[in-house]
> 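Dumping the structure here so I can ask a few things about it.
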Amino acid sequence: KLEEIQWQKYMNVLFWNLNYWDSAATLAGEVHNARKVFPQALMLTAVLVMASYILPLFVGVGIGGRDGGTGWRNWHSGSLTLVGEKTGGFIVKTWVVWASAISNIGQFACEQASTAYQLQGMSEWGWLPKGLNK
């Protein structure tokens with residue numbers, strides 16, 4: 001029911017999931033034939049990202065049985081690891097945790113790279129001290 005949705009949390013999650021898409025534009029100047037390659041890459045990436053969210057959620061919601069399901073209405077941070085454990089045991093649970101950790105490291109590195117690139121460009125244009133363009 002729509003009344004049960006916590007809209008503030010929902011919007012926060014949507015905003016969080018859209019982070020880092022803007023970082024790709026920072027590096028567009030380094031891509032050969034960006035007008036052709038960038039839309040294709042972003043479309044493929046969008047499909048892969050949607051699949052990486054939708055498929056595990058379908059599996060988690062579809063787990064049945066009295067104690068088999070995790071009760072998706074009661075999900076909280078870390079619930080996807082329990083879904084992994086119920087579907088594939090300790091190995092899948094561990095894989096979900098490691099995949100999440102590596103994803104966070106990748107997002108952090110991407111943000112650092114795009115921020116450094118922006119600072120370098122601003123320094124080259126004289127908007128920041130010249131020491132930042134090395």
Side-chain angles (χ1 to χ4, degrees):
K1 296 179 183 180
L2 288 177
E3 303 88 42
E4 296 176 5
I5 296 175
Q6 297 175 3
W7 289 103
Q8 185 177 8
K9 289 182 180 180
Y10 176 73
M11 295 305 288
N12 188 32
V13 169
L14 282 181
F15 175 76
W16 178 259
N17 288 333
L18 291 174
N19 267 351
Y20 305 107
W21 286 88
D22 58 335
S23 298
T26 305
L27 305 172
E30 303 295 323
V31 177
H32 295 290
N33 198 8
R35 286 189 184 267
K36 179 182 178 189
V37 174
F38 244 67
Q40 292 173 348
L42 288 175
M43 190 64 71
L44 177 62
T45 302
V47 169
L48 292 173
V49 167
M50 284 188 279
S52 72
Y53 278 98
I54 291 171
L55 294 176
L57 290 176
F58 280 169
V59 169
V61 170
I63 293 176
R66 196 173 87 198
D67 286 337
T70 56
W72 66 270
R73 291 184 184 267
N74 299 321
W75 280 5
H76 57 343
S77 181
S79 292
L80 206 53
T81 59
L82 299 176
V83 170
E85 185 175 37
K86 290 187 183 301
T87 57
F90 179 77
I91 292 174
V92 175
K93 177 183 178 181
T94 304
W95 179 76
V96 169
V97 171
W98 276 101
S100 175
I102 291 169
S103 173
N104 285 327
I105 291 168
Q107 288 178 350
F108 179 76
C110 176
E111 183 64 28
Q112 293 298 319
S114 66
T115 301
Y117 198 74
Q118 289 172 352
L119 290 174
Q120 179 186 5
M122 291 170 72
S123 175
E124 288 173 355
W125 283 24
W127 296 350
L128 291 174
K130 290 288 183 192
L132 294 174
N133 67 358
K134 294 180 180 184

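Keep in mind it's a predicted model, so treat the numbers as computed, not measured.
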> As an exercise, state the distance from CD of Gln112 to OG1 of Thr115, rounded to the nearest 0.5 Å.
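That separation rounds to 6.0 Å.
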
> Looking at residues at least two apart in the chain, or sitting in another chain, which of them share a side chain to side chain contact (heavy atoms under 4.5 Å, CB included) with Leu57?
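Here the qualifying residues are Trp75.
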
> Could you give the side-chain donor-acceptor pairs of residues 30-47 under 3.5 Å, partners two or more places apart or in another chain?
from	atom 1	to	atom 2	distance (Å)
Glu30	OE2	Tyr117	OH	2.4
Thr45	OG1	Ala41	O	2.7

> Check Ser123 against Gly131 and note the closest heavy-atom contact, atom names and distance.
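So the two residues come closest at OG-N, 4.4 Å.
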
> Other than Val92, which residues form its hydrophobic cluster under the rule that side-chain heavy atoms must be closer than 4.5 Å?
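So far as hydrophobic clustering goes, Val92 is joined with Trp95, Val96.
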
> Roughly how far, to the nearest 0.5 Å, is NZ of Lys86 from OG1 of Thr81?
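The NZ atom of Lys86 is 10.5 Å from OG1 of Thr81, to the nearest 0.5 Å.
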
> Please report the closest heavy-atom contact between Val83 and Pro56, naming both atoms and the distance.
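Heavy atoms only, the tightest pair is CG1-O, 4.5 Å.
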
> At what distance, to the nearest 0.5 angstrom, does CD of Glu85 lie from CD1 of Ile91?
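Output value for this atom pair is 12.0 Å.
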
> With sequence neighbours excluded, what pairs up with Ser52 under the side chain to side chain contact (heavy atoms under 4.5 Å, CB included) test?
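Counting only residues at least two positions away or on another chain, Ser52 forms no side chain to side chain contact (heavy atoms under 4.5 Å, CB included).
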
> Ignoring hydrogens, what is the shortest heavy-atom contact between Lys130 and Glu124? Give both atom names and the distance.
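That would be NZ-O, 3.6 Å.
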
> With sequence neighbours left out, write down each residue that passes side chain to side chain contact (heavy atoms under 4.5 Å, CB included) with Gln107, or none if nothing qualifies.
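Per chain and number, Gln107 pairs via side chain to side chain contact (heavy atoms under 4.5 Å, CB included) with Tyr20, Ser103, Asn104.
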
> Side-chain heavy atoms under 4.5 angstrom apart, residues restricted to Ile, Leu, Val, Met, Phe, Trp, Tyr: same cluster for Val61 and Leu80?
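In one cluster with Val61: Leu80, yes.
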
> Is there a chain of hydrophobic side chains (I, L, V, M, F, W, Y, each step under 4.5 Å between heavy atoms) that links Leu48 to Tyr53?
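No.
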
> Test question: given the 4.5 Å side-chain rule for I, L, V, M, F, W and Y, name all other residues clustered with Ile54, or answer none.
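Taking Ile, Leu, Val, Met, Phe, Trp and Tyr as members, Ile54 shares its hydrophobic cluster with Met50, Phe58.
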
